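Naming: A, B, ... by sequence-line order, numbering from 1 per chain. Here the structure is a predicted model, which is why all the values come from computation and not from measurement.
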2 protein chains.
Amino acid sequence: MSVTIKDVARIAGVSISTVSRVINNSKPVSPEIRKKVLDVIEEIGYKPNEIARTLVTKKSFLIGVIVTDIGNSYIADMVRGIEEVGKMYNYDILLCSTYGDKAAELKYMQLLNRKQVEGIILVSDVLNSEIREQIDKYDIPFVFLSRFSHQEDYATVTIDYIDASYEMTKYLVSLGHRNILYLGVKEDVNSLESMKIKGFERASTDTEGMNSNIHFAKGYKIEDGYEAAKEIFKDYNDFTAIYCSNDELAIGVMNYCYDNKIRIPDDISVVGFGDISIVSNLRPRLTTIKIPFYDIGAVAIRRIIKELKKEPLEEKCTILPFHLQKRDSSIKIT
Amino acid sequence: MSVTIKDVARIAGVSISTVSRVINNSKPVSPEIRKKVLDVIEEIGYKPNEIARTLVTKKSFLIGVIVTDIGNSYIADMVRGIEEVGKMYNYDILLCSTYGDKAAELKYMQLLNRKQVEGIILVSDVLNSEIREQIDKYDIPFVFLSRFSHQEDYATVTIDYIDASYEMTKYLVSLGHRNILYLGVKEDVNSLESMKIKGFERASTDTEGMNSNIHFAKGYKIEDGYEAAKEIFKDYNDFTAIYCSNDELAIGVMNYCYDNKIRIPDDISVVGFGDISIVSNLRPRLTTIKIPFYDIGAVAIRRIIKELKKEPLEEKCTILPFHLQKRDSSIKIT
DNA sequence: TTGAAAGCGATACCAC
DNA sequence: GTGGTATCGCTTTCAA
């Protein structure tokens, strides 16, 4: 079978304790013996078995990451952040995708726990009570990341959605828009969707002569945006800008406009929210709020590692700065 | 600390062997005792430690996946295939991204080996000799997946690039195009890029009155396509279609056309290769060759699991069918 | 059908 | 400095 610490010890003519010491640099070993051991290790190609090591040290150097779908570019960005920072501290990622199946989410929580991960990051739409119960039982660091819902009880990393939405609306206002149609998704009061609406409404109230409408799409997908656009152009008149609560909806709207020869931004301005990776490469380039997904992932795992190292932690909820990406899909009206 | 099999045994008043037996259903246990044990497990919330289990059984139920960048949508698609099929057989994914760093690739190979993964899937551009050496040492199933290079020595899953490229070219020909510009990337003879060119040339030779040109972009990115488009429209005349060797280049070309008021497909047809997830949502919708990335991942891990189960294996190289996706970016010329 | 005991491959404590 | 050994939590003979 594969070579073990015993083989190294036997061939080098020392005890396994000594071998362990040179591998881990845990205690002084005489130079000659150290060299001898190192030579043998090199020679027979010994590689320590991390499983055995984990069993005694209780350190698996594994962080479990549960996501809805790694195919979503914003989630992929978060996972990149998680992975890159994790690697800096020798942590690896055990990845599980649920594809929206809440039961799977719970199952994977248990699975990861049994696999002895040292921390769990859950990227999901909502944090339901079963998951809460579960995580409360486990005594490991946990961070919840979501593009949709807000919660105060567990560690999370996010941006100020109200602020961001306010700023986006005011930006449109600054371009001269007063008839703005907000395209969002109906969610409950604690959702991030509601916060975006709050920001939008606050900015609307702030503004003289503002005439704003809110329309809800059936979901968050590109097709939902497309379908919504059909209704919008049928039901409303006079609006000069559509503010979509996320980029996917905006892409749907843009596609609808393309198919119906409505020019963006000449005929109408369209803005989004999120800055998922593709939109900077679309034409016209979409004006949107850049949510720092990579950083969100990075900060999330950094927090877990801090907790693991028992370093002092900031408050549960980390608010990261956002950025208003002004691009070509929005224009001053004359 | 956490509850172990010992606790269960003690509380249930049986030996740990018995507990192990009911957990694994490995040997008959009397109904009363089984119930008793199950009750205790439920009551104290015992969850077997997979690490300890792995140490003795040698089965980690972990597959290592090394990718260049999970942010690439085609890689994300492959990983989805890998993960979903893996889960069907209780396998989990240990994910590592190299971001093109070859040294990291090697490092992660070793890391995964030490973590006792049962198989490795490498998604990368090329399979260099260091990696080959490394994998030859490890005695675990290995599959190499690439969108760029071809190799015969290790298991892989792919499509017939020559065929696909031939078919695409012939499709353009069938639309009446005779002046076709192929936009590719210069690579060595064994690359998949060369195969696409081979297919293109074969179809060109096949066709009466064909006037084809080949132009090379600097790389595979959207920006490379954009830059290449600048040169193309300066250097060549008369072409009616641009056949891009991958979708990213095609998007770059489309963006250039948008910025320069060149209409697709009215002024020119543009086709791609790959069918990465975003292109079906772009406008105009891109005609392209659909490479079944999800299936490639799925077949790859299926092969590894078969090997692990010592089931009979097909040949090393699995060729999957491709599909010519006819969409709006290509049009019959009149 | 059940229990005792020997490992799996490492770490870590305790002597020397 | 170095070696012996208990231990981590579990599976798996081997006897009973």
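- To the nearest 0.5 angstrom, B/T54 atom OG1 is 5.0 Å from A/I51 atom CD1.
- Terminal axes of the helix from C/dT1-D/dA16 to C/dC16-D/dG1 (five pairs each, C1' rotation axis) are separated by 40°, to the nearest 10°.
- Between C/dT2 and B/S30, a contact under 4.0 Å exists linking OP1 or OP2 to a side-chain N or O.
- In this view, A/D136 satisfies the salt bridge (charged side-chain N to carboxylate O under 4.0 Å, His left out) rule with no residue, not counting sequence neighbours.
- The side chain of A/L55 sits closest to D/dC8 out of C/dT2, C/dT1, D/dC8.
- For B/T18, a side-chain nitrogen or oxygen approaches OP1 or OP2 of C/dG3 to under 4.0 Å.
- A donor-acceptor distance shorter than 3.5 angstrom exists from the side chain of A/D7 to the backbone of A/T4, with no hydrogens or angles considered.
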How does each nucleotide of nucleotides 10-16 of chain C score, in 5' to 3' order, for protein heavy atoms under 4.0 Å: base (B), sugar-phosphate only (S), or none (-)? BBBB---
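- In this entry the distance linking CG of B/D7 with C1' of D/dC10 reads 13 Å, nearest Å.
- Identified under the salt bridge (charged side-chain N to carboxylate O under 4.0 Å, His left out) test for residues 116-126 of chain A, with sequence neighbours left out: A/K59-A/E118.
- Residue B/P48 comes nearest to A/R114 through the heavy atom pair O-CG, 3.4 Å, listed as atom of the first residue, atom of the second, then distance.
- Between the P atom of D/dC10 and the CZ atom of B/R10 lies a distance of 13 Å, rounded to the nearest Å.
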With a 3.5 Å cut-off and sequence neighbours excluded, list the donor-acceptor pairs that the side chains of residues 70-88 of chain B form with protein atoms.
{"from": "B/E83", "atom 1": "OE1", "to": "A/S97", "atom 2": "N", "distance (Å)": "3.3"}
{"from": "B/E83", "atom 1": "OE1", "to": "A/S97", "atom 2": "OG", "distance (Å)": "2.6"}
{"from": "B/E83", "atom 1": "OE2", "to": "A/S97", "atom 2": "N", "distance (Å)": "2.6"}
{"from": "B/E83", "atom 1": "OE2", "to": "B/K87", "atom 2": "NZ", "distance (Å)": "2.9"}
{"from": "B/E84", "atom 1": "OE2", "to": "B/Y294", "atom 2": "OH", "distance (Å)": "2.9"}

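- Look at CG on A/N25: it is 13 Å from P on D/dT2, rounded to the nearest Å.
- Considering CD1 of B/I159 and CG of B/L320, their distance stands at 9.0 Å, rounded to 0.5 Å.
- Rounded to whole angstrom, the span from the CZ atom of A/R114 across to the P atom of D/dG9 amounts to 17 Å.
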Please list every donor-acceptor pair under 3.5 Å in which a side-chain atom of residues 305-319 of chain A meets a protein atom from a residue at least two apart or in another chain.
{"from": "A/K306", "atom 1": "NZ", "to": "A/E314", "atom 2": "OE2", "distance (Å)": "3.1"}

